[in-house]
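So that the names make sense, note that chain A is the first sequence line, chain B the second, and so on, each numbered from 1.
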Protein chains: 2
Amino acid sequence: MTKMGIRTQALAVRPASCCVPIAGPDVGPGEAEAAAGLFRALADPNRVRLVNMLANAGDAVCVCDLTERIGLSQGTVSFHLKKLFGSGLIDREQRGTWAYYSLNRAALASVADVFVEGVSR
Amino acid sequence: MTKMGIRTQALAVRPASCCVPIAGPDVGPGEAEAAAGLFRALADPNRVRLVNMLANAGDAVCVCDLTERIGLSQGTVSFHLKKLFGSGLIDREQRGTWAYYSLNRAALASVADVFVEGVSR
DNA sequence: CTCCTACATCGACGGATGTCGATCCAAAGT
DNA sequence: ACTTTGGATCGACATCCGTCGATGTAGGAG
């Protein structure tokens, strides 16, 4: 109990609006936390691989398929997908019994904006 | 213990070569770990702020200056700078008693490449 | 040589993270 | 109705991470 409500990644949920240019004008504590939250979502090799799988699939993929390919327990895969979903990097769609996840390409592209701006200012 | 093995976090050190497009062809476990390592370096709000400070400074900044502005203990700032340095995102230069850190803009730009759709190749 | 300053490193601590197996839940099929 | 199946959640555990204060260390100033 207690820990359930876990607002675990409440802060990171905005996919694009969070993307303050890291090299732009002064980044405040709040913006820094938002940016860090996005990076945290990608700070695990298995999540990077999941994102890569979804990117290559081009289409939505069900959890069972991902679980099989990544070689982790089903619960762990769910855990990672929840983090990615919470960060806005992937989308979720329920089709009957199956849950299909797909890459949010716009969100992914917006992460790049965090860097490019300011680098070539 | 002698000087210091600056190679402390050898795994993440390659700035650009690590940057496998996250949306490109199959990312193996090794490449995923390298990419995740880079993101891990930016997965903390205080490190994001440090990078931002260095970006805005345009020039190298000494640790004492950063410590004062970020409001953390000196040891903690050193800890974060070491992580950023280990990831290749920032450079270090010793000037007498002072240590000056500066943003490695090439490395930062290369992180953006991770997100670029690999198709352009 | 002695002291001070700037920085790195250490020891410790609490909190977050990744993982598993087990459990719960809802939808589908029988 | 019962059973099965896909997926989310839980409990427990080991590890990692961020932070501080304290200590170590090297360069400059006196």
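Of the possible polar contacts, none joining the S78(A) side chain to the G75(A) backbone as a donor-acceptor pair under 3.5 Å is found. With T67(A) contributing its side chain and V63(A) its backbone, the two residues share a donor-acceptor pair below 3.5 Å. Without hydrogens or angle criteria, R105(A) side chain to A55(A) main chain gives a donor-acceptor distance under 3.5 Å. Between the side chain of R47(B) and the backbone N or O of A41(B), at least one donor-acceptor pair lies under 3.5 Å.
Side chain of K83(B), nearest nucleotide from dA8(D), dA8(C), dG18(D): dG18(D). In this structure, the nucleotide among dA8(C), dG7(D), dC17(D) sitting nearest to the side chain of S78(B) is dA8(C). The side chain of W98(B) lies closest to dC7(C) when the candidates are dC7(C), dG7(D), dT19(C).
Phosphate proximity of dC20(D) to S73(B): present, with a side-chain N or O under 4.0 Å from OP1 or OP2. A close approach under 4.0 Å does not occur between any side-chain nitrogen or oxygen of K82(B) and OP1 or OP2 of dC7(C). An OP1 or OP2 oxygen of dA6(C) is reached within less than 4.0 angstrom by no side-chain nitrogen or oxygen of Y101(B). A sub-4.0 Å separation between OP1 or OP2 of dT17(C) and a side-chain N or O of R40(B) is absent. Listed pair T76(B) / dT19(D) fails the phosphate criterion, with no side-chain N or O lying under 4.0 Å from OP1 or OP2. For H80(B), no side-chain nitrogen or oxygen approaches OP1 or OP2 of dC17(D) to under 4.0 Å.
A cation-pi arrangement is absent between R92(A) and F85(A) under the rule of less than 6.0 angstrom and at most 45 degrees off the ring axis.
The distance from atom CG of L66(A) to atom C1' of dA8(D) is 15 Å, rounded to the nearest whole Å. Taking atom OH of Y100(B) as the reference point, atom P of dG27(D) lies 17 Å away to the nearest angstrom. Rounded to whole Å, atom C1' of dA8(D) lies 8 Å from atom CZ of R92(A). Protein atom CZ of F39(B) is 18 Å distant from nucleotide atom C1' of dT17(C), rounded to whole Å. For the pair Q94(A) CD and dA27(C) P, the interatomic distance rounds to 8 Å; values are reported in whole Å. Atom CZ in F79(A) sits roughly 17 Å away from atom P in dA12(D) (whole-Å rounding). In this structure, CZ of R95(B) is placed 15 Å from C1' of dC7(C), rounded to the nearest angstrom. The distance between atom CG of L72(A) and atom P of dG7(D), rounded to the nearest whole Å, is 15 Å.
At a threshold of 4.0 angstrom between heavy atoms, the contacts of G96(B) are confined to the sugar-phosphate backbone, with no base atom among them.
A residue-by-residue look at T97(B) and Q74(A) shows that T97(B) has its nearest nucleotide of DNA chain C further toward the 5' end.
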